[in-house]
Each structure stands twice: as C-alpha cells, then as structure tokens.
Amino acid sequence: MKMDSDLLHSPAVGLADEEEADMNDWKLPLAFMKKRHLEKIEGSKALAQSWRMKDRMKTVSVALVLCLNVGVDPPDVVKTSPCARLECWIDPLSMSPQKALETIGANLQKQYENWQPRARYKQSLDPTVDEVKKLCTSLRRNAKEERVLFHYNGHGVPRPTVNGEIWVFNKNYTQYIPLSIYDLQTWMGSPSIFVYDCSNAGIIVKSFKQFAVQREQELEVAAINPSHPLAQMPLPPSMKNCIQLAACEASELLPMNPDLPADLFTSCLTTPIKIALRCAADTVPSVLCCVWCRIPGRLNDRRTPLGELNWIFTAITDTIAWNVLPRDLFQKLFRQDLLVASLFRNFLLAERIMRSYNCTPVSSPRLPPTYMHAMWQAWDLAVDICLSQLPTIIEEGTAFRHSPFFAEQLTAFQVWLTMGVENRNPPEQLPIVLQVLLSQVHRLRALDLLGRFLDLGPWAVSLALSVGIFPYVLKLLQSSARELRPLLVFIWAKILAVDSAEHRTMAVFILAVIVNSYNTGQEACLQGNLIANCLEQLSDPHPLLRQWVAICLGRIWQNFDPARWCGVRDSAHEKLYTLLSDPIPEVRCAAVFALGTFVGNSAERTDHSTTIDHNVAMMLAQLINDGSPVVRKELVVALSHLVVQYESNFCTVALQFIEEEKNYTVPSPANTAEPGNLTPVRDSPAIPRLRSVNSYTNIRAATTARNLNKSLQNLNLNEEGGPAAFSPGNLSTSSSASSTLGSPDNDEYILSFETIDKMRRVSSYSSLNSLIGVSFNSVYTQIWRVLLHLAADPFPEVSDLAMKVLNSIAYKATMNARPQRILDSGSLTQSAPASPTSKGTHIQQAGGSPPMPSTSSSSLTNEVPKPPTREQPATRPPYTPTLGGQAPHSHQFTRTRKMFDKGPEQAAEDGDEAGGHRNYISPALQTGLCDWSAKYFAQPVMKIPEEHDLESQVRMERQWRFLRNARVRRQSRSITQRGISRLDDQIFINRNPGVPSVVKFHPFNTCIAVADKDSICFWDWEKGERLDYFYNGNPRYTRITAMEYLNGHDCSLLLTATDDGALRIWKNFADQKNPEMVTAWQGLSDMLPTTRGAGMVVDWEQETGLLMTSGDVRVIRIWDTDREMKVQDIPTGADSCVTSLSCDSQRSLIVAGLGDGSVRVFDRRMGPNECRVMTYREHGAWVVKAHLQKETDGQIISVSVNGDVRFFEPRTPDSINVLQTVKGLTALDIHPQANLFACGSMNQFIAVYNANGDVISNIKYYDGFMGQRIGAISCLAFHPYWPHLAVGSNDYYMSIYSAEKRLR
C-alpha cells in the first residue's frame, strides 16, 4: 500500500493523532497472524553438514628417518662459520657421533610423542635404501587403512635431485645412494603424511605430485585395458590422500644462523612454544638468554605458564586457520586427525618464523599465506607477558599471573554479538570461544555468549559446528555443574535443530530428536522411564512444553510396540485426550500426532489393543470440526494409520458405500426463486479470466453440497434427503468436475469428489449390518464417514490428504476380484483385524491387492493408477458386483492372517496384475508438523521480535497505518458531526464480473470487496480501477453470503462465509501478489446449501477475536480465532433461520434478527438456557437487518422486508420508535457513525433516510448513462467511517454514492 504523500506531509498529523492511534489500534489483537498462518508447515532447509567428519582418521605409525652422518658435511652444501648446529635441541658435536645420532633420534621421538603419544614410532638412523623400504612397508602393513607419517631429515646428505630422488647411505657409509620418491610412495602407500626437513625441499613436493599423476594414469590404463602389461603388475596405490610439509621452496637453502637450530623447521613443527620463545627472547632485553628455555610447567597443564602459553597458541593458530582456510580444507587438516592438526597448527608458526629468515615452508595441499594475520599480534603480546614474568618467577618464586588473553577475546566476541549487524563476516573469535570451554574460570561466560551466537539462526549453528563445537558440548553435558545445565541444554537444542519451562521444553525436544525413527534411542528412553515422565508434564501451563511432550510420546512409540504397551499400562492415550481440547492448535495437533502413531503400530493385534484403537479413533473423530487446518491435516494422517491397520474392514465398508451410492438417488433442489433469493439465473456475458491463486491451485471448480462435519453424536446420516439436498447426480460429468483436485492425475481417482459427496448422504446400512459385526459398524463406518467429511474440507490440503486415503482403500477394494498375497516388505497391511464379537471372524474379504513396490515411502505424492477396466463413467468406480451385489469373495480367515492374503482355498496364480499399482497411503505419511515445530529451536529465540523493535521496518509500517487510521477517523468524524443532508453523488461506477451479492468497504484504505456467487472482486473506488478478482473455492451451487475484514486496522485479511457453513480467510488480495488462503474451516456443520434461507451470517469482534456465526441453523456459534476453536453454541430457540447478527463486546450482547420476524437478544456470559434475555416479536416478516449500536447505552435498530424500522432499548420489552420505509426491501444497511440508513428495493431504487425517518436521497438512475435506470438492488453497504454508500444490483453494476463529490 502506498503512503499518501499528503498524509506524510500533513501538518495535522501531530501528537493528538499518535495518542488516538495508540488508544484505538496498538492494543487491538491480530487474528490469524501466528506462524502457522504465515508460513508453510515444513521443516528448516537442511544445511550441508560438512562439519561431520565421515572419514575421521588417526596417524598410527611414524617413521623417523634421520640422515645426519654427524661430523661429515655433504659435498653440495657450503656452511657458514659459525653455523646452525642444534638438531632436536642437541649439539651433535658435544658427544660422539653415534651417541649424538641416537640421542637426536630419541629426542625427536619424544617431541612427536607430545602431540601423538599413542602412535607406533620407528627410528631409522643414517639408513640404507633397503632399511627404509623395510621400515615403510612394515609400518604400512600394520597401519592398514590408517595414516602413516614419514619424517625425513636430510641435513647430512646432498640436496634432493630434480629427478625426484632423496639421498640415503650405503652400508659402509662410503657413498650417498639416491632413493626415488616413486619408490617411497609405493612403500608408504596412502593415506600418508610426509615431512621433509632439508634444503631445496620444495623439489620433493613437485616430484611427489608428478609421480602421483603418473600413478593415476597407470591406474586408468590398467582399468581400461586388462591385457596391458601394467594391468598384470600389482596396482600402485593412489596418492590422492597424502599430505606433505616441506621446510623450504625448491630453490631455497635452510637458514644457517648460529642462533637458530639447524632443524628449525622440525623445531617449529614439534616444539613450537620453545622456538617461539627463543625467537621472542631476543626482543625482550630484560630477559637473560638462558631464561626462555627454563619456563616452568607442562605442555598439557593449562594452569602452568608453559601449558597456558601452549593453550593460547592452539587457540590462535586454530582461529587463524578457521578464518583463512576454506571450510572443507579446514575440516580435513585441522579436525580429521589429531597429529595432522597439531602439525598444521605448528606449520603456521613455521611459516611465520622461517619467512623472516628468507625461507618459505611449503605444504601440499597448499595453504593461503597466514604469516601476516592480525591474531599473531595477540600471540606476540601473550609471549611478551609470559617472558616478562620469567625472571621473577624463576629467581624469586613469585606467583604466575595468568594471561588476560581469553577474557579479552571473549569481550571481543561479545562486542561482535552486541554491536554488529546481521549481514557480516563471522566472528573470528569463534574457535577461541571453543577453547575457552575447557577453562572452568571462563566456561560460564563462554557458554552464555555461545548460546547467544547460536540463537542468531541455523547459519550460526553451522559455523559453530564447523569449528568443532559438537564434541565439546557433548562432553560438558556430562558435567555435574548445575549452573551449566540450562545453557548446555539451550546450546544442544540449537545444535540438534539446527525459564525453567523453556529449558524443560528444550530437554524434551532433545529427547524427541533422539527417539525419532531411532530404535536404540527409543529403547534407551523407554528404560529411562521417559513415557511416565512425559505424561506428568501434559498439564504444564507452558504450551510449547505440552506440544513437545506430545510429539516426544508420539515418536517414542512410533513403530515400537514395547513403548506402546508401556503407554497402554500408563493410560497414556486417555491422558492425551485432554490435549485434544487444548486452547493452542499446535498442542492439539501434537496430541493428534501422538494418538495417530499410537494406533499406527504394525504389530499383531489382540482384542484388547483393537478396543483401544477403536476408542482412540472415536476420540479423534471429535476433531472433525476443529477450527485449525493443521489439526485436521494431522487428523487425516492419524486416521490413515488406523485405515492401514484395519484395511480389510475399511475395504468392506468402502465397497458397501460404493454400492449404496450407485443405487441411491437424491431429489434435485427446488429452483423456485423467493424474495430473499437473489442468486442470478444466468452467467455473466463476459466473465474475465480469474487470476490464479497461490495456495489454492487445487481448488475444486465443481464440487457438491458440503453437508460436512456432522457432530459425532449425529454421525448417522440424514434420513430424509429432501428438497434441500442438492443431487450431484444431475450434474454433467463433462463439467469441470473432471478437475476435482486440480492435479494432473485427478482423473485417475477411483472416487471422484462428487461420488464421495454423494456417499456422505447415503442412509441405508442394512446390508452392512448383515455383513459385519455391530462393533465394526459403529467404528469403521463412522471413521469412513469422518474421512468422507474431511475429503470435502474447505481447506484444500486437508481435503487432498483425505481424498488420497479414501481412494487408496477404494482402489484396493475394487481393483481385483480375487484376494492376492501382498508382499511383506514395506507392506501396509501387516496386521489382521481382530473383533470383540464372534461375527468378526467372518469378515468379507473385499477384493485384493497386487504386490506393492518398495517405493511406497513417497507414495502419497504418487499418481493414482488407472484401474484395468474403465467401462463406466468417470464418476463411478470400476466395481463389478457379483453374486447379487455381495462382496466378491467370502472366506473364513483366522485372526492372525495378513490382509489380502489368499483365502483358505485360493490357489496362487503368478502373473495376476502384478504391475501398475502405486500405493497412495504410506506408513510414513506426515504433515511436516514435527519438523516445522523443530524450526522454533533453530531460529533466534533471544532476539527481539521485529514488531517490538522500534526501529524495524515492520514497526514503522504499522505506525504509518495507525496514523492513517487516526486521520480517517478524525476527518470522517468532522464531516458526520456537521450532519449529512444528502447522499446521492455518484463517485464510482463499474461493471462487476459477476452479480454482486455482498459488498464490504475496507475501513481505512480506498478498497472495496465485491463478492458474487463464488468469486471476489476488489476495486479501488477512488481511482476507479479493478485491483483483483479471484475464485473463493466454494462449490458451484453454494454462494458467498457474508464477508468481513479482519485486522482491518493493520494487516488486513478477508473472511468469506458461504451458505454451506464454510469460512475461508484470505491474504495478499488487492495488491500485486497472488491471493493466498490463510485458513478455512467449517463454521457451521449442519447447514444445507439452499436457495431458500439466509445462508450464513457473521459478525466480527476485533477487540476479543471472537467470530459470531449463524444462518440456516438453530444456534449462534461463537469461534475464538486465537484458539481456532468453538467456544460457545447459543440456541436461538426459534424454528427459523438467523438473518442478521450484531454484537457488542463491551456489554457481551448479541442481537439476532430471524426469518420469522423476531429479534432476539442474547447475553453470552450466561448459560445456554438463560442466555436469551429478550425477544421482540413486533416485525411481521423476515428481518433484513438487526443492528446493535456500540455505545454504552446503544439501541437496537431492526428492519424487516416490509420496511418497518424499529428502535429498541435492550432493557425494555417494546420498541421505543417506529419508522416506515419502502416495502419489498432486499437490502439494508445502517451507518455506524452518521445515523443514516439506506434501503434497497426490488423496484430498482435506493432510499437513504436520516435518524428521524426523513428521506434525504432517493436514487433511481445512474449518472452519465443517459438516465439508465438502476437494476434491482442485490446488496448495499455503508463505509464504516466515511459517508459513502456502496450499491450492487442485478444488472452487474457496482456504484458508490457519497455526501459530496470532493470527499476523498
């Protein structure tokens, strides 16, 4: 909606407006604006789980190959003097060469053991080629598929060659012998990691890659051509999964600085803290050269200086890697293998230190440069702080002051959380937060911040998982610290989804995830007494907890019979019944889900379990009239589980209904017109093409009368089938009925919508009673009828599901004449029916079923197959009665037989109709409720909702709308207070696509809704443009009889009521989007669409969210739209229909005008028998309008078709004033603000009267049409505020009249 520029710049919009807007609009509740109305019921979009390492590995063996030849320098290296000498922090010249070699080897092993103590280490000191081969092959053999590390120190041999060779010795140490990298690859196999500490080490990396490519080519040749010589040889191992770390590039020499170790690269990889302190000591003048190597503590003890420094180093290098590396590479190098992760963290330090000595370490896979990352400055600071304390700690024994590093990083993370915007780079401190979880000092704060980060949404959860949070949280969950539990439960709930009740809800959610289709989890939770614990929480005041407790129960006994029987012993199903009337629709839905899986187990049935199933089914059937479509969808799924369990019984019932429907005729309705019937008898000469409707693509263009949703107490069919019942039998089968469900495969349904509707009105059950026991009749036939009603539900998703369930049974019942064995794999019919009566063992075996394919898990969306024969019209099922109409076969079956098993004397025939049947009910049929409910935990819950954020766009738009409302109220009030002397200026006229039957002004914008029989047109009356025209979706011989704007002050919705009792709510109308159905339900269940009668009348109370409904029934039904349930039925006490409703929330009064001329006043606070507080019988004919003024002492104004207007004071028994207007009224409306009322007549004129009964305007002709006479008035309505009158007439024209042209 565009903001009026004049409004935005209006000087009149001041403080008074804002105050008025606050008073009138901010406090009004909004109807049908919950998440279940605004979004599709489905789970979160699954994020790729790259964090879950499927190929986690271990480095189990390490080969340490040292070619030092102590005392003899290689010929191709000219060393400086003095030169770097230390190897593994040992001076080789300080002892005999052999002892030095052994000591260096032992030291290197110890250095590696700090990072991977459990690996198997083998040293090879100054080896020959054969020794290296023997070492490598033996390590690979023992390691099997795990990783092996090969560490090569080539400081005592020549540099690697460009041919891809490194050097070792001969036995006598008289020659250097080349060792091909190709051979080394063959012996080491894959996966492996190679560390090269020698000059020109980059040459080895290049050669390694070339040989790896060569191997791949050899493998391909051998695979393509088995006769090739290569194929006869042992296949070389692939080198794809190998990692290399080299000390320098191909053209570089190792540093020879005497202040550094000779094996600087190895020192960085295996003793990073020591070498970092050594390099830093030179920059801290106060520290003596010898102090840096005496830092106290152990690497793995974080409370000591050395341990804390190592901890900080791990956090910083992890953070640098996570921020710089691509996610998949980070996972592979830093999370897959403990030793590899340590080496790569230390490699980042090696790159930083060695680059300062003109040496560039190389890795494969290659890493982006990290030596300039800003986090290194934090490392330098931590090292400086540590070094500055060392002299006093060592010499004076002072206490060690812990580094502020982690506290500062948590603060930085907190700043990111509080100060940033949503679309930004991830916080670089996230890996540090993970490290802080290890610290008891900072753990609570870290968990709190982590929880707040995860609350930002699934993307944040995914980032945290990529860092590696999962094992940490899993470990902390075992902690005994109580203060951590709420935070941990919150975090774990966030991970599993990607106030104390809130935390219990999260705990139940976690358990519900654990037991979801996971047998081990179900068994563990059953042993942990989960069912009893959940049942205790069913009455908790927190609705989300009740919802998740029910879902958890439904999941624990889903396909898990021990849990079901545990539930039976605890009377779980009876305790769940209370939730079926819960005020929260999601809780009712969860209870239906739990009871559905309760009856949906496929174990063998006993009489006891069958009785329980029947009881549950009859309790569920009571929800047939629930106001929420999510509940009714779940109800269809729950009943489909019952249908699957007792398939043969339902097949028998289906056959009987099909047979009865074929033999049953219903008289056509009378087409005689009455004064109140203004339904057009001809279609519009030029109806424009309707816009398609988003969520209503499957609207049935032709459906039958929906005598839906009889209450359970009245489940027996209506016996009379009199003139009021419309017969679908008279409809042409070539009509749009062929698009019953609007889907491409609809013509393959066995039961068309018309057939199903006709079945609902079939009344004879004599043959059924003779076929099966009374108990079957009382349950299976009634559940079948419930499904028939749900198949005619006004909400398309509900009816589609029910149609599929019904057609699945109809298909099986009519498909084959002979019962046939069904495949056991994934079969729907695993259990045989049991009956409490002896008759039940003589079940009519109704038809058979061919084998079912294994793809039935997605069967609900599959097409419905065509039966083999289609001799009858499309509206009839292909059913061939045999033996005088009895079901085709009658054999005695034992109680434990599988459904559609061969009968006792039936012989098997192999090729019977085996192909072609695609099943439509899947045992895994779901509505998406559970996944949709789980989204709550994946999305932000700590964030302020947008509508409460004063700076958000949603809030700004709402504020603008409320200011607009205040302006409309103020300006219209100033006009009406001056008095209206005439109202005949035509400000709008246009031809409507259909004959207008109901008109409704939007209270605040320039839009008017005009309904014809089954569609709604929206006009902008100020611009004279048509905005929208769409199909309401009601059956073609029902009509729209009432409309209301809900939330008209804010986000408007349109309610339409049709004369079959159905209510539909629409959004996105009159703008550039496609209209969408928000919800629909059966407001009145006992109405028959008829040409006589008032149809359905409604009145809406925005203040309370209550909707009053009545019409061709004997009650006024009140719906609570917040709870989406019926809250009250007020009996009218009359034998005629209700023609008009008006209510006042302040006084809790409802005024009803009736077809017998009476006006009745009800106080809804009183009981059903006392609530009628007044009856006025002064009118002698049909009451066209009864209006209750909203003021504290407001009067009742009523008008009958005879034109007498009567004013009543609710406390007095007689009228206080009577005015006479024109006779033959067809429409009337009363202006709520201006004391005007307008009458429309069959005699083609409109009269407008003031409160004194004076005619102020008489309208007979259209403006500008050469005096053309207006048509018979079909409807009219005043604007709630402006003095505008909208008039619809039978000549299709829609016109609006105003007090003066310049108004708006």
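Values below: every heavy atom of this structure, side chains too, minus hydrogens, waters and symmetry copies.
With hydrogens and angles left out, the side-chain atoms of S466 and R335 include no donor and acceptor closer than 3.5 Å. Between T370 and W376, the side chains place no donor N or O within less than 3.5 Å of an acceptor N or O (distance only, hydrogens not considered). In this model, a donor atom of one side chain and an acceptor atom of the other lie less than 3.5 Å apart for Q123 and Q109. Side-chain polar atoms of T174 and N170 form a donor-acceptor pair below 3.5 angstrom. Between the side chains of W115 and T270, not a single donor N or O lies within less than 3.5 Å of an accepting N or O.
Taking the ring centroids of H373 and Y371, they lie at or beyond the 6.0 Å cut-off. Aromatic rings from Y196 and Y152 are positioned such that their centres are separated by 6.0 Å or more.
Annotation: salt bridge (charged side-chain N to carboxylate O under 4.0 Å, His left out) contacts of R401 (sequence neighbours excluded): none.
For the pair P427 and F413, the tightest heavy-atom approach, listed with the atom from each and the gap, is CG-CE1, 3.5 Å. Closest approach of V60 and A143 over heavy atoms only: CG2-CB, 3.5 Å. Scanning all heavy atoms of the two residues, the minimum distance from N257 to A84 falls at O-CB, 3.3 Å. Contact between S180 and E165 at its shortest, heavy atoms only, is CA-CG, 4.1 Å.
By the 6.0 Å contact criterion, CZ on R355 is enclosed, its count of non-hydrogen atoms from other residues, nucleotides or ligands being greater than 12.
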Point to revise | Stepwise side chain to side chain contact (heavy atoms under 4.5 Å, CB included) test for L463 and W322 | key: CA-CA 10 Å; L463 279 177; W322 186 74; 3.8 Å; yes
Exercise for review: Give the C-alpha distance, both sets of side-chain angles, the deciding distance and a yes or no for side chain to side chain contact (heavy atoms under 4.5 Å, CB included) between Y182 and S207.
Suggested key: CA-CA 8 Å; Y182 186 92; S207 303; over 6 Å; no
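Without hydrogens or angle criteria, E146 side chain to K58 main chain gives a donor-acceptor distance under 3.5 Å.
Ring geometry, F194 versus F150: the interplanar angle falls from 30° to 60°, so the pair is classed tilted. Taking the six-membered ring where the residue is Trp, H151 and Y112 present perpendicular rings, their angle passing 60° and hence far from 30°.
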